[in-house]
Amino acid sequence: MPDQTSSVEVKPLPNSISVGHALPIWTYCSEELLELEYESFFLNSWQMAGHTCDLQNPGDFITLDMWRDSVVIVCGEDHIIRAFLNICRHRAMRLLDGKGNCGSAIQCPYHGWTYRNDGSLRGVTQTENFPCIDKSVLGLQKVELKIYRGHIFVNLCGGGARVEDTLGAISEEIDLYSPDTYEQHLEPTFEVWNCNWKLAWDNYQENYHIPIGHPGLHRMVESTEEGIEFSGGFNFGYFAMREKRSKIPHERRYQELIGHTDHRFPPGKGRKWLQLALDPNMGIEYYPDLFVLFQVFPLGVNKTLVKTSTYSPPNLSPEEREMQEINLMLLHEVNEQDKMLVERIQRGVHTSGYRPGPLALEESSVYAFHERIRALIPVTRLPEAPL
Ligand code: FES
């Protein structure tokens, strides 16, 4: 496994970084490369797994599934939130699915070993089968966990850019949305897209496709000039409502209602959508009426799991609720459009003889992401797949 356990530097990049070419297409079709990508990027990154509002009572748990790995995050009797590998120490049985409350213990569904919700091993069935067992060393295996403004992050191998260097770099902007006050909203949704995970992530990071790919979004909002791209795989930007109202009723209605969220912000600071992209796979979206986490996880070389989680600011007025409903409808529409777009690209990248064209300046985040891949996995510099 590549050694990525040291932290990654995060600093603002110059505005006009040179933009070159995308990765060669074989990198979207290689099983062997996918293994390297998973180890280099996913096992060595901080992944948002949920929010403290999911874990208010002892025994409350959530899980985060990442391809072949799974993490369970549990609230202990002492109200401390801890993360563990979601497998039994006896013979690797997956312990918990989804979210819920496990009471005072997690019981393995295979042979019934039980673990306290602080991870320690409580009991072993048929103890006479284990004459020399030392229960004190057989608790669930701990996973690194950090809580930032209520968001819960876990990291399987401990590498990658630190949360305090990424989100922390724009904490003033994030704090305007008061994320630590969020409440549970809908259950996360899961979709399988027939594409390589990088296509879904390339697409998320660039706005160049919005005018054609997302005409509704383009009618409603425009990107402001306030965004910053950082090294270390992190960038953010804002969308503001267009002066010109959309002719589509629900789009126009959202534009008209956005002033109803002004009470949540200092004067002149509201009415915007804050969107963060955190390599390798997290779109973090703060709306005045909603929080959305968009995550992509590989399931195979051309299958990607898209997980969308939503949280709500507290005490919404009827107008804010209406905005939230419209926003969810828009998000669904945009997701469907993105799915169609990236699945069509996946069909394209298998074409024999194709060579990638130049990336646009508005695709600089894609270029920065691909440069990170080239740096971490040098074989991706080759124009053809190695034998
Ligand atoms: Fe869990 Fe055997 S695998 S008790």
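Whatever order the structure lists ligands and atoms in, that order sets their numbers, starting from 1.
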Between the side chains of Y38 and D69, does any donor sit under 3.5 Å from an acceptor?
yes
Quick check on contacts: which atoms of ligand 1 are under 4.0 angstrom from a heavy atom of C108?
1 (Fe), 3 (S), 4 (S)
Please report which non-hydrogen protein atom sits nearest to atom 2 (Fe) of ligand 1, along with the residue it belongs to and the distance in Å to one decimal place.
H111 ND1, 2.1 Å
Is H209 close to D338 at the side-chain level, that is, under 4.5 Å between some pair of heavy atoms?
yes
Atoms in ligand 1 flagged as close to C88, the criterion being non-hydrogen separation under 4.0 Å
1 (Fe), 3 (S), 4 (S)
Ligand 1 atoms nearer than 4.0 angstrom to some heavy atom of G112 are 4 (S)
Which distance, rounded to the nearest 0.5 Å, do you find between the CG of N86 and the CG of D65?
7.0 Å
Side-chain heavy-atom pair R242, R219 within 4.5 angstrom cut-off:
no
Is the distance from the ring center of Y177 to that of F265 below 6.0 Å?
yes
Where on Y110 is there a heavy atom closer than 4.0 Å to ligand 1, on the side chain, on the backbone, on both, or on neither?
side chain
Determine whether the aromatic ring centres of H151 and F291 lie less than 6.0 Å apart.
yes
Which ligand 1 atoms does M93 reach within 4.0 Å, using its non-hydrogen atoms?
3 (S)
Closest approach of any protein heavy atom to atom 3 (S) of ligand 1, naming residue and atom
R91 N, 3.4 Å
Please could you name the atoms of ligand 1 that H90 approaches to less than 4.0 Å, counting only its heavy atoms?
1 (Fe), 2 (Fe), 3 (S), 4 (S)
